[in-house]
**Q** 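Could you have a look at this structure, given as structure tokens, before my questions?
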Amino acid sequence: MKTKTVISLLVFTALFLWTSCKNEKPRDIVAENFEFAAQQLEYAVLLTEETVNKDTRDSLKKAASPLVSPRTMSNDGSLIMVPARDWTSGFFAGELWYMYEYTKDPKWEELAVRFTSPLESQKLNKGTHDLGFMIFDSFGHGMRLSDKPEYKEINMDAARSLASRYKPNAGIIRSWDHNGQKWDCPVIIDNMMNLELLFWASKESGDTSFYDIAVNHANTTMKNHFREDYGTWHVVDYDTITGEVRNKTTHQGFADESSWTRGEAWALYGYTMTYRETKDEDFLTHARNIVNFIFTHPNLPEDLIPYWDFDAPEIPNEPRDVSAATITASALYELSLYGGEKSAQYKEWADTILKNLTNHYRATLQSDAGFLLLHSTGGKSLNSEIDVPLVYADYYFLEALLRKSKIENNLPLF
Ligand code: GLY
């Protein structure tokens with residue numbers, strides 16, 4: 001071939017490639033994932049019906065605690081569902097509400113109501129701190145997005161139940177009642193998440209005791225749950241008479257002195273939300289310090305999807321915890337709105353997390369028990385839910401995607 005012809009061919013190819021790149025629509029991670037979620041959650045709903053029909057427990061047990069919500073997947077790939085009293089029971093309904101918020105399609109509202117209603121019994125459950133997760137992530141969204149005045153009272157009842165666990169001498173809400181031989185009054189870092197229900201109840205009712213309880217809990221936790229580097233203990237046990245700390249341990253982390261990754265994520269999200277509700281700069285600074293701990297940690301992988309514990313002994317041969325990544329991404333979007341020199345960086349990290357989850361951690365359509373994301377870890381030290389899909393990873397994934405979409409379209413987050 002003549003040199004002139006070769007050059008013309010090369011120029012033509014280059015021009016063709018340049019034009020096609022120019023015309024290529026930029027990738028829309030949010031739309032892409034909501035399209036995927038629409039198909040996958042429809043499949044999940046079908047699986048819940050099958051799973052309930054196949055429930056082999058005796059009829060008394062089934063009637064007393066029906067299976068109401070997906071939680072995870074078993075080794076054989078089948079769906080594991082939980083009754084309403086499980087701490088994760090509100091997340092699936094919450095995902096369906098997020099689908100409704102994004103698509104405005106009444107089909108999702110109908111499904112959301114169907115998975116929200118069976119949780120009502122939990123509004124009077126005074127045996128756990130998890131009422132924010134169970135009730136506010138289901139009925140809370142329903143109240144916000146749908147015309148359901150009766151949901152308000154359900155949320156308010158739940159707030160009263162949660163507030164009943166407050167121990168004034170220690171200035172904290174008791175998290176768990178189990179393992180009484182081990183702890184007197186255990187408070188886990190996760191408990192920060194449930195304060196949002198109390199902040200709402202205070203605004204709604206005008207009863208400032210909800211607010212005071214939430215702020216006291218956040219302050220006491222800030223004082224006792226964190227090490228100098230802003231790594232967090234998982235469980236702090238209190239003497240409810242003297243208010244003294246009895247001990248600091250772990251339940252789901254690698255060791256008492258390690259930093260359990262999801263605990264860091266709950267802390268980051270919890271203090272960011274507490275700043276939103278109080279405008280107290282101490283909480284904002286605290287949230288930023290937690291981000292700093294996470295993102296400067298030498299054991300944080302390059303793709304920003306953390307291992308299950310920052311101090312897990314076999315890193316890099318340890319399972320990841322995608323749930324910690326989605327909670328973190330969602331919190332970072334909110335934190336990016338509160339100014340400061342790193343706000344653009346916070347959004348960039350959140351965007352990177354969502355991009356990497358989409359490209360490398362997503363479940364297979366019509367498979368993986370209907371979950372959206374793989375590779376979460378519930379409790380490795382308890383030999384439970386290791387490297388599996390988890391419903392709360394998916395819930396915070398959709399929440400983070402919605403937050404990204406709102407920020408990029410200049411819409412308010414709340
Ligand atoms: N709140 C329980 C957990 O994060 O596993």
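Counting starts at 1 for both ligands and their atoms, in listed order. None of these values were measured; they are calculated from a predicted model.
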**Q** Phe36 ring centre to Arg362 NZ or CZ under 6.0 Å, with the angle to the axis within 45°?
**A**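 Geometry flag: set, cation within 6.0 Å and 45°.
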
**Q** Tell me every residue that passes ring pair (Phe, Tyr, Trp, His ring centres under 6.0 Å) with Tyr307, counting only those two or more places apart in sequence or in another chain.
**A**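 Ring pair (Phe, Tyr, Trp, His ring centres under 6.0 Å) check on Tyr307 returns nothing, list empty.
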
**Q** Applying ring pair (Phe, Tyr, Trp, His ring centres under 6.0 Å), name anything that partners Phe254, two or more places apart in sequence or on another chain.
**A**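 Phe254: no ring pair (Phe, Tyr, Trp, His ring centres under 6.0 Å) contacts found.
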
**Q** Is there any side chain to side chain donor-acceptor pair (under 3.5 Å) pair reaching into residues 205-215, and which pairs are they, with sequence neighbours excluded?
**A**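 Listed once each, the pairs are Asp207-Ser209.
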
**Q** Would you indicate whether Glu302, at its atom CD, is surrounded by more than 12 heavy atoms from other residues, nucleotides or ligands within a distance under 6.0 Å?
**A**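 No - once you tally the heavy atoms of other residues, nucleotides and ligands closer than 6.0 Å, there are 12 at most.
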
**Q** How many angstroms lie between CG in Leu284 and OG1 in Thr278, if you round to the nearest 0.5 Å?
**A**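 Answer rounded to 0.5 Å: 9.0 Å.
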
**Q** So which protein residues pack against ligand 1 under 4.0 Å, heavy atoms counted?
**A**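 Residues within 4.0 Å of ligand 1: Trp87, Asp190, Gln252, Trp260, Arg262, Trp266.
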
